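Working notes for the structure below.
All residue numbers in this chain count up from 1 along the given sequence. If you're wondering where the values come from, they're calculated on a predicted model, not measured in any experiment.
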Amino acid sequence: MPSQSVAIIGASGYVGAELSRLVQQHSALSLLGCYVSEHSSDAGTLLSDLYPQYGHCLKISLQGLSDKEKLSIKRQADTVFLCTDHGVSVALAPEFLEAGLKVIDLSGGFRLDAVEDYPTFYGFEHKQARWLQQAAYGLAEWYPHEIATAQLVAVPGCYPTASLMALLPLKQSGLLNNNKVIINAVSGVTGAGRKASLVTHGAELSLQAYGLFGHRHTPEIAQQLQHDVLFTPHLAQFPRGILATVYADLNPGVSDKELDNAYQCYAEQPLVRCDKRARPAIKDVVQQPFVDIGWHRQGNQLIVLSAIDNLLKGAASQAIQCINLQLGLPIEEGLL
Ligand SMILES: NC(=O)C1=CN([C@@H]2O[C@H](COP(=O)(O)OP(=O)(O)OC[C@H]3O[C@@H](n4cnc5c(N)ncnc54)[C@H](OP(=O)(O)O)[C@@H]3O)[C@@H](O)[C@H]2O)C=CC1
Ligand SMILES: CC(=O)N[C@@H](CCC(=O)OP(=O)(O)O)C(=O)O
């Protein structure tokens, strides 16, 4: 089996910790180091002290990302995973790419095609148009060849993963009519990251929509689907998981058989669980690398339901799927 040395930057965050665990249990990956920002208060702390549930596998000391550490990563790592905020990823990725390393970025820093969309949806000017153009979109079941050969992979957002896995079979099969697709999705609170904020404060949490009309995942979903979407995220009071409820209109005359056939594209995919009558539940995907999909129709109106763990299929386990594709390994290696 091929062996890759990997570095994880942003390892103390919710996504970084899950990814560190998955790398540790993957027989083709060796973990060079787990990094936080240079002056982080967590530098020197054991990752297992932050996440005692992973005490058996994450007794790894977090290191501040100093110039010295960056140099050592450039010398010794094959792949760098960035589990950092969008702006941090955009600043860090070119350094490692230009040193010849592969970068798998879990932020939104390299997901949108148009550099002009970054000020609007991310609030910063994107100065890395060349790398943006070269990034493969890391939706593993849909772009395996692009991911396999890319030096830079932009792992999709959690909401886009749930939404696109539900919708792309319909789009690919030409079953969607031209009406806007509506997506209502509910996320657990780990979706907002580990840093404390009033929005994620326990006493403030209930169930509430946010990001109306302007959430950054709207252009990401529309770009990949090549279809207009109205996406509304909701934050709820549970720790992890996303349920997307997708409303779409089918073209006139689409039969049940054509609809079911569209989802046959996942028949050989080990991490996609499809059942046309299912109403997927978050409890069944939490701590799992799967996406669960169910679909229901009344005439030409279709409702597709899609559930994932935001930290796994929505981030860390999808990143592992991407590196598996790059190493020529089965897509589910180290995940089941
Ligand atoms: N949470 C989720 O469900 C999902 C998140 N994502 C994306 O993944 C990324 C990480 O998310 P999440 O884990 O939730 O975020 P967290 O806020 O939980 O973690 C962020 C991590 O980045 C580190 N960090 C911050 N600044 C720097 C820096 N300059 N250099 C190196 N490390 C730094 C933090 O440590 P410290 O501050 O101590 O340095 C921490 O380890 C984000 O881009 C997010 O949008 C994608 C899909 C799903
Ligand atoms: C609940 C919550 O706050 N969720 C985050 C999305 C998390 C995520 O997936 O971020 P990226 O995909 O963009 O990296 C949000 O809406 O900003």
Under 30°, 30 to 60°, or over 60°: which ring-plane class applies to [X] and [Y], parallel, tilted or perpendicular?
X      : Y      : answer
Tyr118 : Phe124 : tilted
Tyr51  : Tyr14  : perpendicular
Tyr266 : Trp142 : perpendicular

Nearest heavy-atom contact between Lys59 and Leu46 is C-CD2, 3.9 Å
- So does Lys70 pair up with Glu38, basic N to acidic O under 4.0 Å? no
Taken to the nearest 0.5 Å, the spacing of His26 NE2 from Leu327 CG works out to 7.0 Å
| said: Keeping His234 on the side-chain end and Ala185 on the backbone end, is there a donor-acceptor pair under 3.5 Å? | reply: yes
Using modelled atom types only, decide if a donor and an acceptor are shared between the side chain of Asn324 and the backbone of Glu333 within a distance under 3.5 Å.
yes
TODO: Determine whether more than 12 heavy atoms belonging to other residues, nucleotides or ligands lie under 6.0 Å from atom CD of Gln25.
DONE: yes
Does CD belonging to Gln287 count more than 12 external heavy atoms closer than 6.0 Å?
yes
Partner of Tyr137 under side-chain contact (heavy atoms from CB on, under 4.5 Å), picked from Leu164, Asp113, Leu112, is Leu164
Q.
We want to know whether Lys313 and Gln288 form a side-chain donor-acceptor pair, criterion being a heavy-atom distance below 3.5 angstrom.
A. no
- Message: Does either side chain, that of Asn310 or that of Thr190, offer a donor lying less than 3.5 Å from an acceptor on the other one?
- Response: yes
